[in-house]
Engineer: 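Please find one structure pasted underneath; my questions will follow.
Sequential numbering from 1 along the given sequence is applied to the chain's residues.
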Amino acid sequence: DENLLLNGDFEVGDGKFPVFYEDGSYVQQILEKLEVCEENNISVSFLLSPHYFHESIIDEYGIRRVGFGFHKYDVNSPIARQIMDEHFKNVLNLVKDYTCIANITVSNEPYFRVEECDGLYDERWHQFLEGVYGNIDTLNQTYGSSYKAFSDVPLVQNEKIPAMNYDYWTFNSIQFATWHNYLADLC
């Protein structure tokens, strides 16, 4: 008769990111909990947690660190994607037969800001703007600005220029949606 709301294991931890425990102990704990759910007809929303990249993996494989937001690594890094591919494949293979899993959540708490990524998205931003406006004169007319080239347009949210703000959020959303589509395709 333990009150799980007061002690639901949420506060217990050892400082490691659980999904990437090297010894697999956390995955074993998840499987044991899924067994309990199976036996007791409890529905589970299964979170794959791609944002829990263990610091040692980022360092060991030289994955570019970015910003201070929710994702602290370059989600488009080929090695990061290879690790995600393997992680999703292995975990999904382990849980595929559990009927208690009602859905799979590829990511939660979605927060991503391209301007926090230390210039990683600048070139794509400039290509995006060129695709939208065709030439710098059209962009300048729309923004009320005097940029000489698309490469001069900073990748920042600018609420004082509504069109630039709209472009920023559209671009940011496309980048994050592309990553989520990649994750969904892994499932």
Engineer: If you compare all heavy atoms of Leu48 against all heavy atoms of Val91, which two are closest, and at what distance to 0.1 Å?
Structural biologist: CD2-CG1, 3.9 Å

Engineer: Is Trp125 close to Val114 at the side-chain level, that is, under 4.5 Å between some pair of heavy atoms?
Structural biologist: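 With C-beta onward as the side chain, the pair stays apart.
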
Engineer: Is the shortest heavy-atom distance from the side chain of Leu31 to the side chain of Gln28 under 4.5 Å?
Structural biologist: yes

Engineer: Can you list the residues that meet the ring pair (Phe, Tyr, Trp, His ring centres under 6.0 Å) rule with Phe128, with sequence neighbours excluded?
Structural biologist: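 Phe128 satisfies ring pair (Phe, Tyr, Trp, His ring centres under 6.0 Å) with Phe171 only.
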
Engineer: Using atom types as modelled and distance alone, determine if a side-chain donor or acceptor of Asn93 lies under 3.5 Å from a backbone N or O of Asn90.
Structural biologist: no

Engineer: Using side-chain heavy atoms (C-beta onward) and a distance below 4.5 Å, is Tyr182 in contact with Asp85?
Structural biologist: yes

Engineer: If I take atom CZ from residue Arg124 and atom CD1 from residue Ile174, how far apart are they, to the nearest 0.5 angstrom?
Structural biologist: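 It comes to 12.0 Å.
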
Engineer: Given Tyr168, which of Gln157, Glu115, Glu159 fulfils the side-chain hydrogen bond (donor to acceptor under 3.5 Å, both in side chains) condition?
Structural biologist: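 Of Gln157, Glu115, Glu159, side-chain hydrogen bond (donor to acceptor under 3.5 Å, both in side chains) with Tyr168 is met by Glu115 alone.
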
Engineer: Calculate, to the nearest 0.5 Å, the distance between atoms CG and OG1 belonging to Asn165 and Thr170 respectively.
Structural biologist: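 Output value for this atom pair is 9.5 Å.
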
Engineer: Do you know which two heavy atoms are closest between Pro154 and Met164, and how far apart they sit?
Structural biologist: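 Looks like O-CE, 3.4 Å.
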
Engineer: Which residues pass the ring pair (Phe, Tyr, Trp, His ring centres under 6.0 Å) test with Phe150, not counting sequence neighbours?
Structural biologist: none

Engineer: Just list the side-chain donor-acceptor pairs under 3.5 Å for residues 34-42, sequence neighbours left out, or say none.
Structural biologist:
residue, atom, partner, partner atom, Å
Glu35, OE2, Tyr98, OH, 2.9
Glu38, OE1, Thr99, OG1, 3.3
Glu38, OE2, Thr99, N, 2.7
Glu38, OE2, Thr99, OG1, 3.2
Glu38, OE2, Cys100, N, 2.6
Asn40, ND2, Val36, O, 2.8

Engineer: Judged by modelled atom types alone, do Asp167 and Tyr143 share a side-chain donor-acceptor pair under 3.5 Å?
Structural biologist: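 Yes, side-chain donor-acceptor contact under 3.5 Å.
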
Engineer: How would you list, by chain and number, every residue that makes a side-chain contact (heavy atoms from CB on, under 4.5 Å) with Asn140, sequence neighbours excluded?
Structural biologist: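 Asn140 satisfies side-chain contact (heavy atoms from CB on, under 4.5 Å) with Ile136, Ser145, Tyr147 once adjacent residues are dropped.
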
Engineer: Residues two or more places apart in sequence or in another chain: which of them pass side-chain contact (heavy atoms from CB on, under 4.5 Å) with Asp185?
Structural biologist: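 If we apply the side-chain contact (heavy atoms from CB on, under 4.5 Å) test to Asp185, skipping adjacent residues, there are no hits.
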
Engineer: Not counting sequence neighbours, which residues clear ring pair (Phe, Tyr, Trp, His ring centres under 6.0 Å) with Phe46? List them please.
Structural biologist: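 Ring pair (Phe, Tyr, Trp, His ring centres under 6.0 Å) list for Phe46, sorted by chain: empty.
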
Engineer: Enter the distance from Glu86:CD to Leu186:CG here, rounded to the nearest 0.5 Å.
Structural biologist: 11.0 Å

Engineer: Working to the nearest 0.5 angstrom, can you tell me the gap between Leu155 CG and Tyr121 OH?
Structural biologist: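 Here the interatomic distance stands at 10.5 Å.
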
Engineer: If you compare all heavy atoms of Ser45 against all heavy atoms of Thr105, which two are closest, and at what distance to 0.1 Å?
Structural biologist: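 Closest heavy-atom pair between Ser45 and Thr105: OG-OG1, 3.3 Å.
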
Engineer: Working to the nearest 0.5 Å, report the span between CD1 of Ile79 and CD of Gln82.
Structural biologist: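 Between atom CD1 of Ile79 and atom CD of Gln82 there are 4.0 Å.
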
Engineer: State, with a plain yes or no, whether a side-chain heavy atom of Asp137 is found less than 4.5 Å away from one of Gln141.
Structural biologist: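 A side-chain contact under 4.5 Å is absent here.
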
